[in-house]
There are 2 protein chains.
Amino acid sequence: MRTIERLPKRQRHQQLSRLIEENPFITDRELTRQLKVSIQTVRLDRMELAIPELRERMKLMAERSYDAVRSLPLHEVIGDIVDLQLDRSGISIFEIRAEHVFSRTGIARGHHVFAQANSLAVAVINEEIALTATADIRFVRSVKLGEKCIAKAYVRSISGERSKAKVEVFSYVGDEMVFQGHFVIYRSTGESAIEGGI
Amino acid sequence: MRTIERLPKRQRHQQLSRLIEENPFITDRELTRQLKVSIQTVRLDRMELAIPELRERMKLMAERSYDAVRSLPLHEVIGDIVDLQLDRSGISIFEIRAEHVFSRTGIARGHHVFAQANSLAVAVINEEIALTATADIRFVRSVKLGEKCIAKAYVRSISGERSKAKVEVFSYVGDEMVFQGHFVIYRSTGESAIEGGI
DNA sequence: GCAGCTATTATAACCAGGTACTAATAGTAT
DNA sequence: ATACTATTAGTACCTGGTTATAATAGCTGC
């Protein structure tokens, strides 16, 4: 009977996957010890499961984190700006992924939604250095994992003398408003800045 | 004359450091090609500069990113809460590190300062699920790389009927106030939540 | 000019943690 | 008995190094 002998193999495959997921730094030798099979079996199993060798796993992790580090400057703006009319309006899209949600509920953490809006409010201001001075925000409904958050910013006034701009941002999922915020942005012309925008 | 022959070595050391910093995935063989010296010289140089071999570098990067992934759940609260009196007040400390600042200016990005305050405002509410409904915030002065931001939250009112709490948060660097915020937190008793707190 | 020094290069043995391939063995199904 | 799968064993080879030992080149001080 095939099932009798095949089950242990599949079980071992699951165990092996779990062990490597739990500790990606485990060697085949250690897996041999824990699974009580020969090192060849471990390697055949990895082959079948398309799990790369330890060094390859470490390399992939290192590359992933290195790419993340390199792309950090891009994150100075949270969300992808898809339309921008300086000193007038702007639109950005931000997809809520696993790293943005409150793990227990799958609800996006507030500061990510805020960050998208703040980024856009700063970006829409046509100035070298623009920093958020104040913000008055309202989370209208929760944003969930997988949802695409579309933020629209409108510049309401620019008072040239004191270098302040008022920007309103509304964020939507589909046609539901999820967030609204009124930002006051300092359009710093170089001197002492007030805050860390995005 | 010693300086004549020693200079090229120090220059090469600088070049080598720079090359590895630019691309940590470079092999000694490739360094040999770029520096026009033997592979032994490259290895002696790495020894002198205490730069680990490629595989060790990748392992360190992988471990660092893996630790970061594992500690993510801890980041559900931004900042270390050092004092907490539920429904009354709380204090948290958050050190501004390189990953939190606007790279051009070394000024902390607004959403990190906001996130610390928001986290604390949510944490101080003695409820299973607490979500930010609205926030009225003001960035008083910029917070810079290396500064320790101390947030103090005070619960101002709890209206049991509609499950709302008002929380004030003030953040300081030393004795300078850098941020203030008025939060309205929903103390969700299980039904439809409004926002993604922290 | 020659010992003494540093810097560099060469050579060889060895290592971890594998891959790739071949072969043997055990169990079981038909 | 035959065929098939699963497992184990063994060997050669690979990358990207370490470690140690020795040879060579270039200059220095005297």
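Lettering follows sequence order; numbering is per chain, from 1. Note that the structure is a prediction, hence the values are computed from the model and not measured. The analysis underlying the following values was restricted to heavy atoms, covering all of them including side chains, and did not include hydrogens, waters or symmetry mates.
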Arg12(A) side, atom CZ; Lys9(A) side, atom NZ - distance, nearest 0.5 Å: 7.0 Å
Nearest-angstrom distance from the residue atom CG of Leu16(B) to C1' of dT8(C): 15 Å
Nearest-angstrom distance from the residue atom CZ of Arg57(A) to P of dA16(C): 18 Å
Side-chain donor-acceptor contact under 3.5 Å, Gln15(B) with Gln11(B): no
Ser171(B)-Gln180(B) side chain donor-acceptor pair, cut-off 3.5 Å: no
Side-chain heavy atoms of Val155(A) within contact of Arg88(A), under 4.5 Å: no
Touch class at under 4.0 angstrom, heavy-atom based, for Arg46(A) against every strand present: sugar-phosphate
Interface residues of residues 49-56 of chain B with DNA chain C (non-hydrogen, below 4.0 angstrom): Arg55(B)
Cation-pi check, Lys152(A) onto Tyr172(A) ring (under 6.0 Å, within 45° of axis): yes
Arg46(B)/Glu53(B) ion pair, N-O < 4.0 Å: no
Minimum-distance nucleotide (side-chain atoms of Lys9(A) versus dT18(D), dT19(C), dA6(D)): dA6(D)
Those residues of residues 23-42 of chain B lying under 4.0 Å from DNA chain C by at least one heavy atom: Val37(B), Ser38(B), Gln40(B), Thr41(B)
Sub-4.5 Å side-chain heavy-atom contact between Ile20(A) and Arg57(A): yes
Sub-4.5 Å side-chain heavy-atom contact between Ile137(B) and Phe114(A): yes
Arg43(B) side chain near dT8(C) phosphate (N/O to OP1/OP2, under 4.0 Å): no
Integer-rounded Å distance: dA20(C) P and Leu44(A) CG: 12 Å
For atom CE of Met58(B) and atom P of dT15(D), their distance in whole Å: 14 Å
Residue list, side-chain contact (heavy atoms from CB on, under 4.5 Å) with Ala165(B), at least two apart or on another chain: Ile125(B), Ile158(B), Arg187(B)
Between C1' of dA20(D) and CE of Met47(B), the distance in whole Å: 10 Å
